[in-house]
*Asks:* 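Below is the structure I would like to discuss, written out as structure tokens.
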Amino acid sequence: MKVTVLTVGRLGRDPAAALAADYVQRATASGRALGLGPFDIHEVEARKPGKAAEAEVLLPHLKDAHVIACDEHGKAWTSRAFAGRVAALRDGGTRRLVLIIGGADGLDASILSAANETLAFGPQTWPHALARAMLAEQMYRAVTILAGSPYHRD
């Protein structure tokens with residue numbers, strides 16, 4: 001199952017971008033044997049400001065994918081529950097999983113309604129660069145949980 005973290009905005013040389021890329025590479029390397037991957041981060045930018053314009057550039061990337069939208073009002077999953085969800089999607093025949101991180105104002109209602117599920121990183125608001133790194137780390141953590149690695153400790 002291919003896994004994409006779809007984000008609004010480009011981080012360039014931001015240290016959080018390097019951290020996220022590192023976790024994506026780790027997840028890809030470890031996930032192959034589990035039928036997970038490749039993992040990647042795809043950045044998009046809208047030509048106009050606002051959530052509606054961002055939705056226009058996000059929507060084409062959702063075709064034929066199971067979509068999980070990161071949203072502050074979403075469901076907060078434990079790492080183990082998240083890993084279980086990823087495994088269930090893979091085992092159920094999902095070929096593409098797309099996890100979306102919106103822009104500074106969040107995701108447009110059209111994206112939230114197109115999503116199959118939502119995910120929250122708790123009640124705090126996180127900078128998008130850190131949310132990207134945290135999501136990439138959780139993808140790697142899911143792979144290690146499914147592989148039985150000691151990386152995750154309950």
Side-chain angles (χ1 to χ4, degrees), residues 1-32 36-79 81-90 92 94-146:
M1 178 173 72
K2 181 177 179 169
V3 181
T4 299
V5 175
L6 178 62
T7 68
V8 172
R10 301 192 191 284
L11 292 184
R13 296 182 186 200
D14 188 287
L19 182 61
D22 180 58
Y23 280 119
V24 163
Q25 289 173 347
R26 290 185 197 191
T28 295
S30 299
R32 284 188 190 116
L36 295 171
F39 292 78
D40 72 327
I41 297 173
H42 186 78
E43 301 173 320
V44 298
E45 285 193 69
R47 294 184 187 263
K48 300 180 216 171
K51 294 193 295 186
E54 292 169 356
E56 286 181 29
V57 297
L58 290 168
L59 281 170
H61 299 280
L62 308 185
K63 186 176 181 186
D64 299 325
H66 185 92
V67 178
I68 299 176
C70 293
D71 181 72
E72 64 184 323
H73 304 292
K75 182 177 180 182
W77 296 337
T78 66
S79 295
F82 182 66
R85 186 65 185 127
V86 169
L89 290 168
R90 176 202 60 198
T94 299
R95 298 182 51 81
R96 283 186 63 232
L97 172 60
V98 175
L99 299 109
I100 304 174
I101 299 173
D105 295 324
L107 292 166
D108 188 71
S110 65
I111 297 295
L112 292 172
S113 66
N116 301 96
E117 303 175 70
T118 57
L119 169 67
F121 288 119
Q124 300 89 8
T125 300
W126 293 96
H128 287 82
L130 288 181
R132 185 182 306 194
M134 291 183 340
L135 185 56
E137 191 280 337
Q138 285 300 295
M139 291 306 308
Y140 173 65
R141 185 174 296 272
V143 167
T144 63
I145 288 170
L146 296 173

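Computed from a predicted model, the values in this text were never measured in an experiment. The figures that follow rest on heavy atoms only: side chains count, while hydrogens, waters and symmetry mates do not.
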*Asks:* Check whether any side-chain heavy atom of Leu58 sits under 4.5 Å from a side-chain heavy atom of Leu107, and report yes or no.
*Replies:* yes
*Asks:* Verify the neighbour count for atom CZ of Arg47: are there more than 12 heavy atoms of other residues, nucleotides or ligands below 6.0 Å?
*Replies:* no
*Asks:* Show the numbers, then the answer: is there a side-chain contact (heavy atoms from CB on, under 4.5 Å) between Phe82 and Leu119?
*Replies:* CA-CA 9 Å; Phe82 182 66; Leu119 169 67; 4.2 Å; yes
*Asks:* Looking only at non-hydrogen atoms, find the nearest pair between Gly103 and Val8 and report the distance.
*Replies:*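 Of all heavy-atom pairs spanning Gly103 and Val8, the closest is N-CB, 3.6 Å.
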*Asks:* Taking C-beta and beyond as the side chain, do Phe121 and Leu135 meet within less than 4.5 Å on heavy atoms?
*Replies:* yes
*Asks:* Take Val3 and Met139, measure what side-chain contact (heavy atoms from CB on, under 4.5 Å) needs, and give me the verdict at the end.
*Replies:* CA-CA 9 Å; Val3 181; Met139 291 306 308; 3.5 Å; yes
*Asks:* Please round to the nearest 0.5 Å and tell me the distance separating atom CZ of Arg85 and atom OG1 of Thr78.
*Replies:* 13.5 Å
*Asks:* Where do Ile41 and Ala21 come nearest, in terms of heavy atoms and distance?
*Replies:*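 Of all heavy-atom pairs spanning Ile41 and Ala21, the closest is CD1-N, 4.3 Å.
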*Asks:* Does Glu54 use its side chain to pair, donor to acceptor, with the backbone of Asp108 at less than 3.5 Å?
*Replies:*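 Not confirmed, Glu54 side chain does not pair with Asp108 backbone.
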*Asks:* With sequence neighbours excluded, what pairs up with Asp40 under the salt bridge (charged side-chain N to carboxylate O under 4.0 Å, His left out) test?
*Replies:* none
*Asks:* Would you please name every residue forming a side chain to side chain contact (heavy atoms under 4.5 Å, CB included) with Arg13, sequence neighbours left out?
*Replies:* none
*Asks:* Please report the closest heavy-atom contact between Ala114 and Leu62, naming both atoms and the distance.
*Replies:* CB-CD1, 4.3 Å
*Asks:* When you measure from the side chain of Arg90 to the backbone of Leu36, do you find a donor-acceptor pair of N or O atoms at a distance under 3.5 Å?
*Replies:* no
*Asks:* Any ion pair linking Glu56 and Lys48 (charged N to carboxylate O, less than 4.0 Å)?
*Replies:* no
*Asks:* CG of Leu97 to CE of Met1: how many Å apart, nearest 0.5 Å?
*Replies:*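 One finds 5.0 Å between CG of Leu97 and CE of Met1.
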*Asks:* Minimum heavy-atom separation for Lys63 and Arg96, please, with both atom names.
*Replies:*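 Minimum heavy-atom separation between Lys63 and Arg96: O-NH1, 2.5 Å.
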*Asks:* Where do Leu11 and Ala17 come nearest, in terms of heavy atoms and distance?
*Replies:*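 Closest pair (atom of Leu11, atom of Ala17, distance): CB-CB, 3.6 Å.
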*Asks:* Is any side-chain N of the basic residue among Lys75 and Glu117 closer than 4.0 Å to the acidic one's carboxylate O?
*Replies:*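 No, this pair does not count.
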*Asks:* Where do His128 and Thr7 land on the side-chain contact (heavy atoms from CB on, under 4.5 Å) test, with the steps shown first?
*Replies:* CA-CA 9 Å; His128 287 82; Thr7 68; over 6 Å; no
*Asks:* Are side-chain heavy atoms of Ile68 and Asn116 found at a separation under 4.5 Å?
*Replies:*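 Ile68 vs Asn116: side chains apart.
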*Asks:* Mind checking the CD1-CZ spacing from Ile101 to Arg132? Nearest 0.5 Å is all I need.
*Replies:* 6.5 Å
*Asks:* Could you tell me the separation between the CG atom of Leu89 and the NE2 atom of His66, rounded to the nearest 0.5 Å?
*Replies:* 4.5 Å
*Asks:* Just verifying a value: how many Å separate Ile111 CD1 and Ile100 CD1, rounded to the nearest 0.5 Å?
*Replies:*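 That separation rounds to 5.0 Å.
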*Asks:* Please find the pair of heavy atoms, one from Thr144 and one from Arg141, that lie closest to each other, and give the distance.
*Replies:*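 For Thr144 and Arg141, the tightest heavy-atom pair comes out as OG1-O, 2.8 Å.
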*Asks:* Checking side-chain contact (heavy atoms from CB on, under 4.5 Å) between His42 and each of Val98, Val5, Thr4, which is the one that passes?
*Replies:* Thr4
*Asks:* Which residues satisfy the side chain to side chain contact (heavy atoms under 4.5 Å, CB included) test with Arg26, sequence neighbours excluded?
*Replies:* Asp22, Tyr23, Tyr140
*Asks:* What's the separation between atom CD in Glu72 and atom CH2 in Trp126, rounded to the nearest 0.5 Å?
*Replies:* 13.5 Å
